[in-house]
Amino acid sequence: MDTRYDYQALEDKIYKRWEESGFFNPDVCVKKGVTKKDAKKFSIVLPPPNVTGNLHIGHAAMLAIEDIMVRYARMNGKKTLWLPGTDHAAIATQAKVESLIYKKEGKNRHDLGRDEFLRRVEEFAKESHDNIVRQVKKMGSSVDWSREAYTLDEKRSLAVRTAFKRMHDEGLIYKGARIVNWDPKMQTTVSDDELEYVEEKAPFYYLKFGPFVIGTARPETKFGDKYVVMHPDDARYKKHKDGEKLEVEWINGPITVTVIKDKAIDMKFGTGVMTITPWHDATDFDIAERHGLDKEQVIDSYGKLLPIAGEFAGMHISKARPLIAEKLKAKGLLKKTEEDYVHNVAVNQRGGGKIEPQIKEQWFIGVNKEFVLPKSKIKGVKSGEKTTLKKMMKAAVKGNQIKILPKRFEKVYFHWIDNLRDWCISRQIWYGHRIPVWYKGGKTYCGINPPKGEGWIQDSDTLDTWFSSGLWTFSTLGWPKETKDFLEFHPTSVLETGYDILFFWVARMILMSGYLLCDIPFEKVYLHGLVRDAQGRKMSKSLGNTIDPLEMSEKYGADAVRLSLIIGSAPGNDIKISEDKIRGYRNFATKVWNASRFALLNYSEIKAKPQFTADDKKRLAEVSALKKKVSEHIEKFDFNRAGDELYHYFWDVFADKVIELLKIRLNSDNLRDRAAAQETLIKMLKEQIKMLHPFMPFVTEEIWGLLPGNKGKLLMVEKWT
RNA sequence: GGGCAAUUAGCUCAAUGGUAGAGCGCUUCGUUCACAUCGAAGAGGUCACUGGUUCGAUCCCAGUAUUGCCCACCA
């Protein structure tokens with residue numbers, strides 16, 4: 001046994017042994033007798049990484065946490081499935097490939113055409129996938145590769161089309177002209193959750209509008225204005241009655257406007273009066289809907305003004321804005337300009353442009369539309385009783401059927417549902433699941449397979465990537481077929497992911513599973529924090545503070561990287577990491593190795609019957625007590641404390657005290673005493689190696705195989721107790 | 001505007017109703033003895049502040065301050 005633990009040489013070899021054993025697959029475990037046939041299940045799906053490139057340190061944290069749960073469950077005799085896969089990440093992947101191609105060849109997707117472009121994306125996705133698989137393996141993740149899935153593969157596509165059709169036929173999915181977040185750069189809609197707000201400084205104009213003064217940062221939207229809105233309780237405008245008509249001199253001449261009273265107006269903001277642009281603003285759209293007002297388009301999909309803008313038609317809004325302000329000024333309509341007004345501008349999170357709200361024909365999932373669950377397994381939703389997606393999503397968590405940990409995120413979840421609007425699921429991008437709807441003449445057909453007959457044209461839109469992710473807990477198990485896997489492993493035991501995708505993903509899974517299966521997708525949700533640098537800053541390429549888990553694994557071993565991501569951060573809190581911290585845990589791995597080496601060097605087959613001292617018994621009892629504590633912590637998802645206890649017992653007590661005290665007795669002439677010392681040492685070590693396995697699987701597996709009586713055995717399927 | 005969290009050693013963070021812990025850093029000493037990727041010893045903290053509950057509060061409660069995050073909104 002070498003002085004040093006050579007993780008570089010060993011980790012890949014160990015992973016290969018695990019893979020070849022087949023024990024990542026629960027069926028093999030049953031077949032080979034390491035798991036009982038009727039054992040309880042423990043199932044978890046891997047949150048599929050996007051095929052946009054490499055795994056980052058956040059993925060490593062996720063893999064470490066999940067692997068601890070999975071290895072613990074497996075060692076406890078559960079029928080354990082950890083199902084891996086990757087996500088096609090529609091818009092993110094398309095944006096990435098588009099930009100790569102543009103940089104390299106100066107071409108955009110339209111230059112290449114849909115087929116060729118998709119071929120390129122697939123090529124990129126494949127490479128990215130292979131890379132991800134390599135990295136997942138490198139971290140020691142005990143996932144069942146035989147069941148690997150991709151959100152865009154054939155089986156998952158069938159699930160998507162089936163889900164779409166069922167929701168479409170129920171009327172939950174509908175096509176409608178509603179206001180959406182339009183990204184003029186990517187030329188697609190994005191959902192509310194995909195927006196990011198950035199502060200922007202812009203001039204803020206106060207304009208004379210008949211007897212009123214209105215404020216705006218966007219004069220370019222004002223061409224179609226013909227309604228002026230104020231709060232019904234606003235005393236200042238009491239004399240103006242709802243529905244009153246006024247003649248007003250405006251940008252391109254006199255217009256007739258109608259007074260509207262609506263409670264959405266904030267009396268304290270500006271003058272308490274505003275004009276509305278229903279086509280280009282969500283709040284305005286809602287007001288217009290409430291009062292049945294006309295909606296007019298002013299800006300086109302590319303951000304250019306339409307003929308309604310008169311002389312400004314065809315001009316891009318960014319260019320037109322100052323010119324319009326000038327014209328207003330010349331006409332004496334501009335009362336005041338506030339420079340450097342700070343407001344938030346919505347931007348497409350996925351590398352897109354500034355959002356221009358537009359009214360568009362899109363596909364939506366109606367979250368307030370009533371339907372009936374035939375055979376509800378969700379507490380709080382009765383079979384045959386009317387419910388809505390919103391109500392159902394709430395009920396699943398409210399009844400404690402799904403537990404979200406840490407518990408504070410339950411509130412966040414409820415709050416999000418309260419604010420939820422219909423989910424826009426269509427995207428005008430090419431990479432993704434094509435909407436399973438076909439048109440011919442005036443006819444529309446929605447089906448799992450294309451309609452028979454000539455001349456049908458499929459809807460050109462694709463689905464929001466989260467539509468397919470929402471099905472992940474069961475599409476990966478074979479749904480819509482009632483497979484053995486599906487019956488055995490669904491609902492899954494735990495869903496573990498970062499709190500940043502609680503809405504995007506966790507909530508959508510509850511929605512999909514609830515409607516399609518009348519059941520919950522998972523029993524528990526454990527949310528981990530975001531990984532930050534030693535100063536608590538977000539890791540980003542521009543800050544240059546990223547820590548690459550692969551590079552760190554090469555340098556210090558995957559076990560060290562895993563421990564550094566687990567220990568020292570409380571559940572749900574952000575995880576701080578630094579190279580120093582990783583080095584610290586590398587030292588621990590070396591410590592474990594050396595202590596084991598010492599135990600082995602001092603082990604011999606002694607015939608004498610060991611005569612244990614009171615101290616020996618006390619130590620062995622200590623280790624049992626430790627196991628109890630560690631088990632409790634793991635079951636409560638408190639991996640930090642479990643790891644911390646193990647670390648300190650091993651180092652401070654076992655290595656520094658116990659071994660030192662046993663040294664004399666290990667050379668004793670009293671054979672019975674010597675045997676007792678040896679036994680105590682090996683037993684304590686074995687127990688600790690076992691307990692450490694979920695946390696640092698590589699070094700412990702290697703040591704296990706070297707311990708007496710373990711030749712050829714695999715620690716990963718040893719019994720925990 | 002609403003909500004959530006944090007505030008503990010030089011730095012980054014844990015834990016706990018009974019005069020505080022770790023990693024890294026720092027100081028001193030120590031390598032024939034598993035390990036210098038080490039060991040031993042040590043310095044370093046009115047646990048943000050103010051009240052309250054309690055025999056006792058860093059921990060529970062209320063308030064204040066600062067920081068961070070989430071949601072809504074900014075016409």
Side-chain angles (χ1 to χ4, degrees), chain A residues 1-5 192-193 197 199-200 204-207 214-219 221-222 225 228-230 262 264-266 268-277 280-284 287 341-346 406-420 499-500 502-503 529-530 532-538 556-557 560 563-564 567-570 572-602 638 640-641 643-645 647-648 651-652 655-656 659-660 662-664 666-667 681:
Chain A
M1 197 166 169
D2 298 329
T3 314
R4 247 173 223 198
Y5 168 59
D192 295 345
D193 298 293
Y197 289 93
E199 278 196 351
E200 192 193 68
F204 190 81
Y205 307 99
Y206 286 93
L207 308 172
I214 57 164
T216 185
R218 305 203 52 191
T221 64
K222 297 290 161 204
D225 289 1
V228 59
V229 192
M230 59 218 72
D262 194 283
I265 303 301
D266 180 357
K268 282 179 229 119
F269 188 90
T271 56
V273 181
M274 69 174 194
T275 60
I276 56 167
T277 313
H280 300 293
D281 184 283
T283 313
D284 296 1
I287 294 172
Y341 169 74
V342 180
H343 64 152
N344 287 332
V345 183
K407 206 166 164 57
R408 64 186 146 96
F409 287 109
E410 287 189 356
K411 256 192 204 169
V412 182
Y413 172 81
F414 290 132
H415 187 246
W416 179 79
I417 291 179
D418 288 339
N419 285 308
L420 188 60
Y499 65 69
D500 54 328
L502 176 62
F503 308 140
L530 305 182
R532 293 169 181 278
D533 75 0
Q535 279 92 51
R537 297 174 305 176
K538 248 186 190 164
Y556 301 109
L563 283 173
S564 67
I567 300 179
S569 48
N573 284 6
D574 288 349
I575 300 162
K576 308 276 196 316
I577 197 171
S578 61
E579 189 165 342
D580 278 347
K581 196 173 171 191
I582 300 170
R583 197 185 313 118
Y585 290 109
R586 186 275 317 266
N587 294 354
F588 178 61
T590 309
K591 192 72 185 175
V592 170
W593 180 256
N594 279 310
S596 305
R597 199 171 137 247
F598 174 82
L600 281 169
L601 287 173
N602 285 281
D638 209 340
N640 158 42
R641 294 185 68 177
D644 200 53
E645 298 252 15
Y647 176 98
H648 286 107
W651 202 318
D652 303 347
D656 289 349
I659 287 184
E660 291 308 317
L662 287 176
K663 273 181 181 168
I664 303 160
L666 286 168
N667 292 311
L681 184 63

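Note: hydrogens, waters and symmetry copies are ignored here, and every other heavy atom, side chains too, is used. Convention: sequence-line order gives letters A, B, ...; per-chain numbering from 1.
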Does [X] reach a base, just sugar-phosphate, or nothing at all? Heavy atoms under 4.0 Å.
| X | result |
| --- | --- |
| D266(A) | base |
| T277(A) | nothing |
| A595(A) | base |
| I567(A) | nothing |
| F409(A) | nothing |
| Y585(A) | nothing |
| S564(A) | nothing |
| D281(A) | nothing |
| D500(A) | nothing |
| A655(A) | base |
| I214(A) | nothing |

Aromatic Y647(A) / basic K591(A) pairing, under 6.0 angstrom, 45° off normal: no
C4(B) base / K411(A) side chain donor-acceptor hit below 3.5 Å: no
C71(B) base / N419(A) side chain donor-acceptor hit below 3.5 Å: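 By the distance-only test, no, there is no pair.
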Donor-acceptor contact below 3.5 Å, side chain D262(A) vs main chain I287(A): no
Of the options [options], whose atoms approach the side-chain atoms of [X] most closely?
| X | options | value |
| --- | --- | --- |
| F503(A) | C74(B), C4(B), C70(B) | C70(B) |
| R408(A) | C74(B), A34(B), C4(B) | C4(B) |
| D580(A) | A34(B), C24(B), C38(B) | C24(B) |
| T283(A) | A72(B), U37(B), C73(B) | C73(B) |
| N594(A) | C73(B), A14(B), A34(B) | A34(B) |
| H415(A) | G23(B), U37(B), C71(B) | C71(B) |
| K591(A) | A34(B), C4(B), A14(B) | A34(B) |
| W651(A) | A14(B), C74(B), C38(B) | C38(B) |

Short side-chain donor-acceptor distance under 3.5 Å, Y499(A) and N573(A): no
Mate of [N] where both pairing distances stay under 3.5 Å, Watson-Crick or G-U:
| N | result |
| --- | --- |
| C60(B) | G52(B) |
| C11(B) | G23(B) |
| G68(B) | C4(B) |
| U32(B) | none |

Rounded to whole Å, please give me the gap between [atom1] in [X] and [atom2] in [N].
| X | N | atom1 | atom2 | value |
| --- | --- | --- | --- | --- |
| H648(A) | A15(B) | NE2 | C1' | 11 Å |
| I575(A) | G68(B) | CD1 | C1' | 16 Å |
| F414(A) | G2(B) | CZ | C1' | 18 Å |
| L530(A) | G68(B) | CG | P | 16 Å |
| L662(A) | A34(B) | CG | C1' | 13 Å |
| D656(A) | A22(B) | CG | P | 13 Å |
| R641(A) | U16(B) | CZ | C1' | 9 Å |
| D652(A) | A40(B) | CG | C1' | 13 Å |

Say we look at [N] and [M]: how far apart would their [atom1] atoms be, to the nearest angstrom?
| N | M | atom1 | result |
| --- | --- | --- | --- |
| A72(B) | C11(B) | P | 36 Å |
| U31(B) | U8(B) | C1' | 37 Å |
| G44(B) | G25(B) | C1' | 12 Å |
| U16(B) | C61(B) | P | 14 Å |
| A9(B) | C47(B) | P | 10 Å |
| U58(B) | C49(B) | C1' | 13 Å |
| A57(B) | A48(B) | P | 15 Å |

Contact nearer the 5' end of RNA chain B, comparing F598(A) with G584(A):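 Looking at RNA chain B, the more 5' nearest nucleotide goes with G584(A).
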Of D192(A) and K222(A), the one whose closest RNA chain B nucleotide lies more 5': D192(A)
Note, K222(A) side chain near T277(A) side chain (heavy atom, < 4.5 Å): yes
C38(B) OP1/OP2 closer than 4.0 Å to side-chain N/O of N587(A):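 So the side-chain polar atoms of N587(A) do come within 4.0 Å of the phosphate oxygens OP1 or OP2 of C38(B), strictly under.
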Any T216(A) side-chain nitrogen or oxygen under 4.0 Å from OP1 or OP2 of C74(B):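 False: T216(A) side-chain N/O out of range (4.0 Å or more) of C74(B) OP1/OP2.
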[X] side, atom [atom1]; [Y] side, atom [atom2] - distance, nearest 0.5 Å:
| X | Y | atom1 | atom2 | value |
| --- | --- | --- | --- | --- |
| I582(A) | I577(A) | CD1 | CD1 | 4.0 Å |
| N602(A) | L666(A) | CG | CG | 5.0 Å |
| T590(A) | R586(A) | OG1 | CZ | 5.5 Å |

Aromatic contact, Y413(A) with H415(A) (centres under 6.0 Å): no
Salt-bridge criterion met for D644(A) and R641(A) (N-O under 4.0 Å): no
